[in-house]
Amino acid sequence: MDELETPVLDNHLHLDPVNGRGMDAVDEFARLGGTHLMIVNQPSWKLGIESTDPEAFRPVFETTCEIAADASDRLPGRAWPILGAHPGLISRLVEDRDCSPTEARDCMRGVLDIAAEYVSKGRALGLKSGRPHYDVSEAVWDASNEVMKHAFSLGAEIDCAVQLHTEASVDLTEIAVWAADRGLERHKVVKHYAGGRLAGPTPSVMSNKDWIETAAQSGEPFLMETDFIDDPDRPGAVLGPKTVPRRVRWLSEQGYDDAIARAHVETPERVYGVDTESTLL
Ligand SMILES: [Zn+2]
């Protein structure tokens, strides 16, 4: 296979070495030309955390840091952990744990505080927050927005990017303004599972050909991702670990070399302050 001669970053995926493919997925990504990964912690409930005490979430972060270290050993570049609370957690806390929306909010803010500790110690690269992509009560919606705003305050305080899980949208300018109001520059807010175009935050584009081509043609900063969930019970629920390197090869064949540099060198530098070229061995 031809060398890609560029860093290749998948900006959002999950790995489950216990139940899923774990390091085999990393090896497959690297074999196809992948070099760098942003590994997002699995939803806490998938790891059996059912507590309302933020301290109980620490093992989720420890596990993700271990996975990222193992992945780094196998990649030509490296992997970084992105840590936080999945926005769907609020529904579990309210519906299954009898929390009020306010109590759920406070728990999730506490989880983010712990995630921020990992970032400030250099053990993780960024935070993960957001709000439900499905219909919720107004109280839950408001509480979710408050959680997200807290993530922005933390991101500003410790100077890191915040990845978001939100409803599908082509315009999240309002959210970007919330971040900017708290001192976090809007380009450090990253919408995971984005389409090819997005106003406001930096889009992390799901690597479907159409969306990637739209982003490539836009001339705007973007990242590429698969949202691989590494869940054997849901094969095909998302894109596989080979997808980003494959799409980069396709972009190269189409002559989009500027877009490849944008998504894999320039935007990672702009959003996370990482140098994907120099971290290649
Ligand atoms: Zn995800």
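All values reported here derive from a predicted model rather than from experimental measurement. Order of listing sets the numbers, starting from 1, for every ligand and every atom in it.
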- request: Keeping waters out of it, list the protein N, O or S atoms under 2.8 Å from the Zn ion (ligand 1).
  value: H12 NE2, H14 NE2, D227 OD1
Quiz: residues 149-157 side-chain donor-acceptor pairs under 3.5 angstrom, not counting sequence neighbours:
residue, atom, partner, partner atom, Å
H150, NE2, D113, OD1, 2.7
S153, OG, K149, O, 3.3

Side-chain donor-acceptor pair present, H12, D227, cut-off under 3.5 Å: yes
Name each donor-acceptor pair under 3.5 Å that joins a side chain in residues 175-190 to protein atoms two or more places apart or in another chain, with its distance.
residue, atom, partner, partner atom, Å
R182, NH1, W178, O, 2.9
K188, NZ, D159, OD1, 2.7

message: For H165, is there any backbone N or O sitting under 3.5 Å from a side-chain donor or acceptor partner on H192?
response: no
For residues 252-259, please give each side-chain donor-acceptor pair under 3.5 Å, one per line with the distance, not counting sequence neighbours.
residue, atom, partner, partner atom, Å
Y256, OH, E213, OE2, 3.0
Y256, OH, Q217, NE2, 2.8

query: Between M224 and M206, does a side chain to side chain contact (heavy atoms under 4.5 Å, CB included) hold up when you go through it step by step?
result: CA-CA 6 Å; M224 290 171 64; M206 269 298 269; over 6 Å; no
